[in-house]
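The structure presented is a predicted model; accordingly, all values stated were derived computationally and were not measured.
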Amino acid sequence: MSITLTNAHTTTEVAYQPSPSGRTEVDFLFEGRHRPDFSERIERYVGVLTRHFPVLTGYQYTIRSDNSFPHSTGIASSASAMSAMALCFASIAGRLGQALPEAEFWRVVSHLARLGSGSACRSVLGPVAVWGETPAVPGSSHHHAVALPRVHELFQSMRDTILIVDHGPKAVSSSDGHALMHGHPYAQTRFAQAGQNLQELVPVMESGDMERFIALTEHEALSLHAMMMTSSPGYVLVKPGTLDIIEKVRVAREEDQLPVCFTLDAGPNVHLLYPEAVEETAKAWIEAELKQHCHEGQIIHDRSGSGPVQLEAG
């Protein structure tokens, strides 16, 4: 389950024209620069998309992508980028005569986004999306994400402050991290635990039970990192600042009754989730207590969002 954000976003533009050679060609620029380390993956993904949309074959594509947040630091940059790209190419296919049926558009695009980055399938939806088949969500699937149909107003306006503890790339990529689960001695138990937590979280999101939301969210975050630490080789992805923040979050809840919780991606940076009603108090506390643990004081204040927006060509 994921909450789609507003301020942490990817903007992607795809220009296209017939290729003189007749081959599909891709020129990829990230934040205005050619990035060979990204380009190979992008070219492979465009190949996947052209197999699903044959009408896209034989064009020259210039892809320009920009993030409003640091990439490769555990803030779902691949998910954001691949979902944006899937939407762009699906729209281009429609202009070229292979439009998806309106009733199928979001399901198919979610599926295609997943082929680029698993969690990207959730980034095409909002405000809350679920990936993975579960009896708690009708229509849920391992192949694409679905929007959670009933979300309490508390979670529709949820705040997410991202604390950039470390600005550098993660020690292990998401793909390599997933590969470490093959043969992991605790993998099957962890998968079952995640499924159970998801089933419990669905009614929590419907009822607005903040206390139970906090317990499940933090349990999931720590379980993920426990799996990374006990893999072979093992990775400790958190930093001293991460642990300092976690401790202060717990103290603030216990002593000040501040309803804030942490969650972690596969990296050291921390997402702080809290209701809109305590935003002013929470931000003052973050500034006074947590900013010192961030790289150059870098903080991104964000909120739950409605999902992707198609922009006019500029």
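- Within 6.0 Å of the CZ atom in F191, the count of heavy atoms belonging to other residues, nucleotides or ligands exceeds 12.
- When hydrophobic clusters are built by joining Ile, Leu, Val, Met, Phe, Trp and Tyr residues whose side-chain heavy atoms come closer than 4.5 Å, directly or via intermediates, L154 is grouped together with F213.
- Side-chain atoms of T12 and T10 include no donor-acceptor pair closer than 3.5 Å.
- Residues V249 and C261 come closest through the heavy atom pair CG1-CA, 4.2 Å.
- Clustering ILVMFWY residues whenever any of their side-chain heavy atoms sit less than 4.5 angstrom apart, transitively, puts L100 in the very cluster that holds V55.
- The shortest side-chain heavy-atom distance between M85 and I42 falls under the 4.5 Å cut-off.
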Could you walk me through whether V270 and L264 pass the side-chain contact (heavy atoms from CB on, under 4.5 Å) check? CA-CA 5 Å; V270 182; L264 308 164; 3.8 Å; yes
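- Side-chain atoms of F69 and N7, non-hydrogen and from C-beta on, never get closer than 4.5 Å to each other.
- When atom types are taken as modelled, the side chain of T24 and the backbone of G58 share a donor-acceptor pair closer than 3.5 angstrom.
- Here the shortest heavy-atom pairing between A120 and S83 reads O-CB, 3.5 Å.
- S68 places a side-chain N or O within 3.5 Å of a backbone atom of H9 that can act as its donor or acceptor partner.
- By the rule that hydrophobic residues join a cluster once side-chain heavy atoms approach within less than 4.5 Å of another member, L29 and V46 end up as members of separate clusters.
- Using a 4.5 Å heavy-atom threshold, the side chains of F262 and I245 count as separate.
- By the 6.0 Å contact criterion, CD on E254 is open, its count of non-hydrogen atoms from other residues, nucleotides or ligands being 12 or less.
- Heavy atoms only, all atoms of each residue included: S231 and P233 are closest at OG-O, 2.7 Å.
- Between H167 and H295, the ring planes lie tilted relative to each other; the angle falls in the 30° to 60° range.
- Residues E287 and K283 are not paired through a salt bridge, judged by the lack of any N-O separation under 4.0 Å between the basic side chain and the carboxylate.
- L201 and W131 fall into different hydrophobic clusters, defined by Ile, Leu, Val, Met, Phe, Trp and Tyr side-chain heavy atoms under 4.5 Å apart, directly or through other members.
- D27 and H34 share a donor-acceptor pair across their side chains, judged by distance under 3.5 Å alone.
- When atom types are taken as modelled, the side chain of S110 and the backbone of A145 share a donor-acceptor pair closer than 3.5 angstrom.
- Counted within 6.0 Å of CD on E104, heavy atoms from surrounding residues, nucleotides or ligands total more than 12; the atom is thus considered enclosed.
- Here the side chain of H184 pairs a donor or acceptor atom with the backbone of T230 at under 3.5 angstrom.
- Considering all non-hydrogen atoms of both residues, M210 and L273 come closest at CE-O, 4.2 Å.
- For CD of Q98, the number of neighbouring non-hydrogen atoms (other residues, nucleotides, ligands) closer than 6.0 Å is greater than 12.
- Using cut-offs of 30° and 60° on the angle between ring planes, the pair Y16 and Y59 is perpendicular.
- Remark: side-chain polar atoms of S119 are not paired, donor with acceptor, to backbone N or O of A79 under 3.5 angstrom.
- Side chains of I63 and F89 form a contact here, defined as non-hydrogen atoms less than 4.5 Å apart.
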Check the pair M205 / M1 against side-chain contact (heavy atoms from CB on, under 4.5 Å), numbers first and verdict last. CA-CA 10 Å; M205 299 298 291; M1 182 180 293; 3.6 Å; yes
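- Salt bridge absent: K248 and E255 never bring a charged side-chain N and a carboxylate O closer than 4.0 Å.
- Listed here is the closest heavy atom pair of V124 and A113: CG1-CB, 4.4 Å.
- Proximity of H142 to R114: side-chain heavy atoms (C-beta onward) are nowhere separated by under 4.5 Å.
- For the residue pair H219/Q193, the side-chain donor-acceptor check at 3.5 Å is satisfied.
- Across T242, I300, L272, a single residue satisfies side-chain contact (heavy atoms from CB on, under 4.5 Å) together with L163, and that is L272.
- Under a 3.5 Å cut-off, the side chain of D302 and the backbone N or O of A8 do form a donor-acceptor pair.
- Here the side chains of L56 and I92 are in contact, with some heavy-atom distance below 4.5 Å.
- Counting non-hydrogen atoms of neighbouring residues, nucleotides and ligands closer than 6.0 angstrom, the CD atom of E211 reaches no more than 12 such neighbours.
- The shortest distance between side-chain heavy atoms of L115 and H52 falls below 4.5 Å.
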For a side-chain contact (heavy atoms from CB on, under 4.5 Å) check, start with the C-alpha distance between S157 and E279, then their side-chain angles and the critical distance, and finish with the verdict. CA-CA 11 Å; S157 60; E279 181 175 15; over 6 Å; no
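- Taking every heavy atom of both residues into account, A93 and F53 meet most closely at CB-CD2, 3.5 Å.
- A heavy-atom distance below 4.5 Å is found between the side chains of K291 and I299.
- Both F105 and V48 are members of a single hydrophobic cluster when ILVMFWY side chains are connected at heavy-atom separations under 4.5 Å.
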Does the side-chain contact (heavy atoms from CB on, under 4.5 Å) test come out yes or no for Y274 and I214, once each step is laid out? CA-CA 9 Å; Y274 50 92; I214 289 171; over 6 Å; no
